[in-house]
Amino acid sequence: MNILLTGSDGFIGSQLFHHLKEEHNVIGFDIKNGHDILQTEFPKDIDLVIHLAGLSGVRDSLDKPTDYWKTNVIGTQRLFEHYRDVRMLYASSSTAYEPWKNPYAMSKYSMEQLNHDNAVAMRFTTVYGPGARENMLIPKILRNDIQYININHIRDFIHVNDVISAVEIMMNNSFKGMVDVGTGTGNKLVDIMDYLKIDYKSVIGGETERLDNTADTSILNKFGWRAKINLYDYIEQNKVVN
């Protein structure tokens, strides 16, 4: 199968690329290697598009809403129009459940409103694992660098390997529409800190973020998918020991 993978140099994309290339012809497409979804010509003879390229992060979107709209929405629209007859799996976000909260969430929700007859919007929850952004919570925990915790937040943390297995499930069926990609388990951030005996400053999360992003995994479960990697086991195995 000829697969176009946008965002192929990113956190999820780079690991998905190496996983899929064992069985498929995967064409990497990333702004880091000169391929901008807003401008670059797309390759021909593609059987499947996995679209992971885009801007992420709630806080950055508050400062750069126009950039998020252009990259995430206009860029995706251009991709959809070019590959109108090709199956499309694309990265949405659990934030899209509450698009009014921030420009990032609105851009992901708006992507889902674009017209494509054979597309799957994958609403990722909070993805962690090797290569995750250093400012994310799990990398901070691993290097003992916690300044504060939003004590009213509940997060569904899913390992990147489980995300990859979920993507493969969606590659191999004919489902169309929106699917949550998370473990289905919500973790109170304060419970994680208490379990790990980490001291933290208590902060109440603001109005721009979801309080609880726990996934509904019922669709993935129907296809036989279950998350395999336990968050606490991962932290215990990978945290830096002082």
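Because the structure is predicted, anything quoted here is derived from the model rather than measured. Values reported hereafter were calculated over all heavy atoms of this structure, with side chains retained and with hydrogens, waters and symmetry mates removed.
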- Just by modelled atom types, is the I31 backbone N or O under 3.5 Å from a matching donor or acceptor in the D36 side chain? no
- If you count the non-hydrogen atoms of other residues, nucleotides and ligands that lie under 6.0 Å from CZ in F11, is the total more than 12? yes
- Taking the six-membered ring for Trp, are F29 and F42 parallel (under 30°), tilted (30 to 60°) or perpendicular (over 60°)? tilted
- Query: Do the side chain of D47 and the main chain of M1 share a donor and acceptor less than 3.5 angstrom apart?
  - Reply: no
- Check the side chains of N213 and T125 for a donor-acceptor pair under 3.5 angstrom, ignoring hydrogens and angles. no
- Treat each ILVMFWY residue as a node, draw an edge where side-chain heavy atoms are under 4.5 Å apart, and state whether V190 and I138 are in one component. yes
- Task: Could you pull out all residues at least two apart from Q147 that satisfy side-chain contact (heavy atoms from CB on, under 4.5 Å)?
- Result: K140, D145
- Task: Measure the CG-CG distance between L89 and L48 for me, rounded to the nearest 0.5 Å.
- Result: 5.0 Å
- Query: Would one find more than 12 heavy atoms of other residues, nucleotides or ligands at under 6.0 Å from atom NZ of K101?
  - Reply: yes
- Message: I'd like to know whether CD of E207 has more than 12 heavy-atom contacts from other residues, nucleotides or ligands below 6.0 angstrom.
- Response: no
- Any R210 side-chain heavy atom under 4.5 Å of S94 side chain: yes
- Query: Looking at side-chain heavy atoms only, is the closest gap between L4 and V86 below 4.5 Å?
  - Reply: no
- Item | Candidate pair M171 and I3, rule side-chain contact (heavy atoms from CB on, under 4.5 Å), full reasoning | CA-CA 10 Å; M171 286 174 55; I3 300 175; 3.9 Å; yes
- Item | In one Ile/Leu/Val/Met/Phe/Trp/Tyr side-chain cluster, 4.5 Å: I74, Y104 | no
- Item | N221 side-chain N/O to W225 backbone N/O, donor-acceptor pair under 3.5 Å | yes
- Message: Pair F223, N172 - check side-chain contact (heavy atoms from CB on, under 4.5 Å), show working.
- Response: CA-CA 10 Å; F223 293 110; N172 295 314; over 6 Å; no
- Enter the distance from S202:OG to M193:CE here, rounded to the nearest 0.5 Å. 11.0 Å
- Message: With heavy-atom distances below 4.5 Å as the criterion, would you say the side chains of V167 and H19 are in contact?
- Response: no
- Task: Measure the NE2-CD1 distance between H51 and I37 for me, rounded to the nearest 0.5 Å.
- Result: 4.5 Å
- Any donor-acceptor pair under 3.5 Å linking the side chain of D162 with the backbone of I229? yes
- Note on the structure: Separation between CG (N238) and CD1 (I141), nearest 0.5 Å, reads 12.0 Å
- Residue pair I204 / I151, side-chain heavy-atom distance below 4.5 Å: yes
- Taking C-beta and beyond as the side chain, do T217 and T183 meet within less than 4.5 Å on heavy atoms? no
- Task: Begin with the C-alpha distance, continue with both residues' side-chain angles, and end with the deciding distance and a verdict on salt bridge (charged side-chain N to carboxylate O under 4.0 Å, His left out) for E81 and R84.
- Result: CA-CA 5 Å; E81 290 175 352; R84 179 60 58 193; 5.3 Å; no
- Are S8 and N33 close enough that some pair of their side-chain heavy atoms sits under 4.5 Å apart? yes
- Message: For a quick test of reading the model, state the closest non-hydrogen atom pair linking L62 to P103 and the distance between them.
- Response: CD2-CD, 3.6 Å
- Is any side-chain heavy atom of L231 less than 4.5 Å from a side-chain heavy atom of N187? yes
- Report, as yes or no, whether the 6.0 Å neighbourhood of atom CG on N173 holds more than 12 heavy atoms from other residues, nucleotides or ligands. yes
- Item | Other residues, nucleotides, ligands: >12 heavy atoms within 6.0 Å of Y195 OH | no
- Task: Say whether L38 and F80 are linked into one hydrophobic cluster, either directly or through other cluster members, by side-chain heavy-atom distances under 4.5 angstrom.
- Result: yes
- Query: Do you know which two heavy atoms are closest between A96 and E112, and how far apart they sit?
  - Reply: CB-OE2, 3.9 Å
- Message: Please give me the minimum heavy-atom distance between R155 and T126, naming the atom from each residue.
- Response: CD-OG1, 3.6 Å
- Note on the structure: Tested for side-chain hydrogen bond (donor to acceptor under 3.5 Å, both in side chains) against S107, the lone hit among N72, D67, T71, T95 is N72
- Among the clusters formed by ILVMFWY side chains lying less than 4.5 Å apart, do V181 and L16 turn up in the same one? yes
- Test item: R78 side-chain N/O and Q39 main-chain N/O as donor-acceptor pair under 3.5 Å: yes
- Query: Going through the distances and angles, do L52 and F124 end up as a side-chain contact (heavy atoms from CB on, under 4.5 Å)?
  - Reply: CA-CA 11 Å; L52 304 182; F124 298 148; 4.3 Å; yes
- Residues D156 and T214: closest non-hydrogen pair is CB-CA, 3.7 Å
- Looking at CG of D45 and CG of N2, how far apart are the two atoms once the value is rounded to the nearest 0.5 Å? 7.0 Å
- Residue pairs, two or more places apart or on separate chains, that pass ring-ring contact (aromatic ring centres under 6.0 Å, His included) and touch residues 131-182: Y128-H159, H159-Y234
- Kindly give the heavy-atom pair with the smallest separation between D9 and K32, and that separation in Å. O-NZ, 3.5 Å
- Residue pair W100 / E98, side-chain heavy-atom distance below 4.5 Å: yes
- Going from OH on Y109 to OG on S93, what distance comes out if it is rounded to the nearest 0.5 angstrom? 14.0 Å
- Task: May I ask whether I158 and M170 are part of the same hydrophobic cluster, defined by side-chain heavy atoms of I, L, V, M, F, W, Y residues being less than 4.5 angstrom apart, directly or through others?
- Result: yes
- Task: Answer yes or no: is there a donor N or O on one side and an acceptor on the other, between the side chain of R123 and the main chain of K108, under 3.5 Å?
- Result: no
- Y97 and D180: side chain donor to acceptor below 3.5 Å: yes
- Query: Which pair of heavy atoms, one from P65 and one from D63, lies closest together, and at what distance?
  - Reply: CD-C, 3.4 Å
